[in-house]
Student: 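Please find one structure pasted underneath; my questions will follow.
In listed order, ligands and their atoms are each counted from 1. Counting begins at 1 with the first residue of the sequence.
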Amino acid sequence: MNLNETKQREQWGSKIGFILAAAGSAVGLGNIWKFPYLAGSNGGGAFVFVYFGLLLIIGFTLMMAELTVGRHTQLSPVGAYRKIKEKWAWVGAIGVLAGFLILSFYSVIGGWVINYIVKALTGAFHVADASEFATMFGSFISSPFEPIIYQAIFMLMTVGIVIGGISGGIEKYSKILMPGLFVMLMLVVIRSITLPNAMEGVKFFLVPDFSKITPAVLLAALGQVFFSLSLGMGAMITYGSYLSKDENLVSSSFQIPLLDTAVALLAGLAILPAVFSFGFSPEQGPGLLFVTLPAVFDAMPLGGVFGFLFFVLVLFAAVTSSISLLEVSVSYVVDELNWDRKKASLVLGLIIFIIGVPSSLGLGVWDHIKLIKGKDILDTVSFIAENVLLPLGGMLLCIFIGWIWGLDNAYKEVTNDGKIKFGLMHVWGFLIKYIAPIAILVVFLQGVFA
Ligand code: TRP
């Protein structure tokens, strides 16, 4: 980013810088850790099918919507809403809350990834029987202190980068490490689908059994579209606010979701075939990645090295996402309360860390605590954030654009005052004004009350 004197606002150094930052926010644990296990416990292909449907009508639509509002106002969410319509500023605040909650458990999982880097280094991925990986994972996450220490390390990394500013290192490293992650995932996919019996897993993942589509599957997929694309809390409004007026919003709004989905699909193909090959259960939830991939690495030549590299790249992807989560609340406090950036990052980072501790303990010493629908603490927090707050934020944004700001104003911004051709412009407008908000509401109500 460089300072643009006339507008007094930082802007992305280049088009590629913006795409990398936005894709860096989108591609993270949501793709590599969450997508495969959600697919595993929600009927495989049925989940993937529904995910694609919702991605088409809601994902692309909202990506464009957030970037448009951000670039138009050149402000982060609360200010952006306020600038267009004073009374709507509170919608931005819902996003700040969602970001808080998501980062609280995101840092727990980020900590697990760091622990697995250490495990790869110390040769723990070499065992006599693949079933030992489940025991190894279980005893790690249920221990009272270790995961919290790793969670703290993850949080410190996030805070450190947000204090230092995103422009310097991250943009540079992203250009190497994101493609690196892509290549590494491909290698793991190749190993995974060539394991004995792997085709059963490929079929499970890609061939939909429509009878498995239930209201709960729909709601899980809806939450995942928001979570994976970093939508519904204003992260993309913030990123869009750093975009210059002659950038092409239309192409970015397609590229980011496509890239994000490609990584999620690769992760699914890296994990689920191996799950079937080793005879693990696809329905085991958050542990799926951590139990399955070490077994795949163990079945690869130089598995320890691959495992180490893989988890380092996953950590990088997770950090480029977590900084965008922290950034939203930091910029809110900096703008609204006039705190300096360093104080805001440290204080908010500490509060979010503390809120995250129970999520970690809920998998061990507090595992008797079950909240919404029998879920543990981590699952409950993630349910409230992803399946309630993000869809709510997304729905309100659609209503805001379609009915308050007005489609004509949005069209002007998207097309740079008519300079960019966008053949589907009216389809997008129709989706924003009617289809997307209704679809979100229906899926939400069904999923919660069915
Ligand atoms: N999209 C990220 C992932 O898939 C997580 C994330 C980063 C996020 N920023 C966000 C989710 C903002 C929702 C909103 O890992």
Student: Could you tell me which atoms of ligand 1, counted from 1 in the order shown, lie closer than 4.0 angstrom to a heavy atom of Gly28?
Tutor: 3 (C), 4 (O), 15 (O)
Student: Determine whether Phe290 and Trp33 make a side-chain contact, defined as any pair of heavy atoms from C-beta on separated by less than 4.5 Å.
Tutor: yes
Student: Under 4.0 Å from any heavy atom of Met233, which atoms of ligand 1 are there?
Tutor: 12 (C), 14 (C)
Student: Considering only protein heavy atoms, which is closest to atom 4 (O) of ligand 1, and at what distance to one decimal place?
Tutor: Ala26 O, 2.9 Å
Student: Could you find the nearest protein heavy atom to atom 2 (C) of ligand 1 and give me its residue, atom name and distance?
Tutor: Ser25 O, 3.2 Å
Student: Regarding atom 10 (C) of ligand 1: of the candidates Gly110, Gly223, Ser230, which has the closest heavy atom?
Tutor: Ser230
Student: Counting distance only, does the side-chain N/O of Tyr332 pair as donor-acceptor with the main-chain N or O of Gly92 below 3.5 Å?
Tutor: no
Student: Looking at ligand 1, is there an atom of it that comes within less than 4.0 Å of some heavy atom belonging to Tyr106?
Tutor: yes
Student: What I'd like to find out is whether the side chain of Val91 reaches to under 4.5 Å of the side chain of Phe400, using heavy atoms alone.
Tutor: no
Student: Quick check against the 3.5 Å criterion: does Thr238 have a side-chain atom that pairs as donor or acceptor with the backbone of Ser76?
Tutor: no
Student: Where's the contact between Ser324 and ligand 1, heavy-atom distance under 4.0 Å: side chain, backbone, both or neither?
Tutor: side chain
Student: Would you say Ser241 and Leu75 make side-chain contact, with heavy atoms under 4.5 Å?
Tutor: no
Student: Could you tell me if the ring centre of Phe60 sits under 6.0 Å from that of Phe254?
Tutor: yes
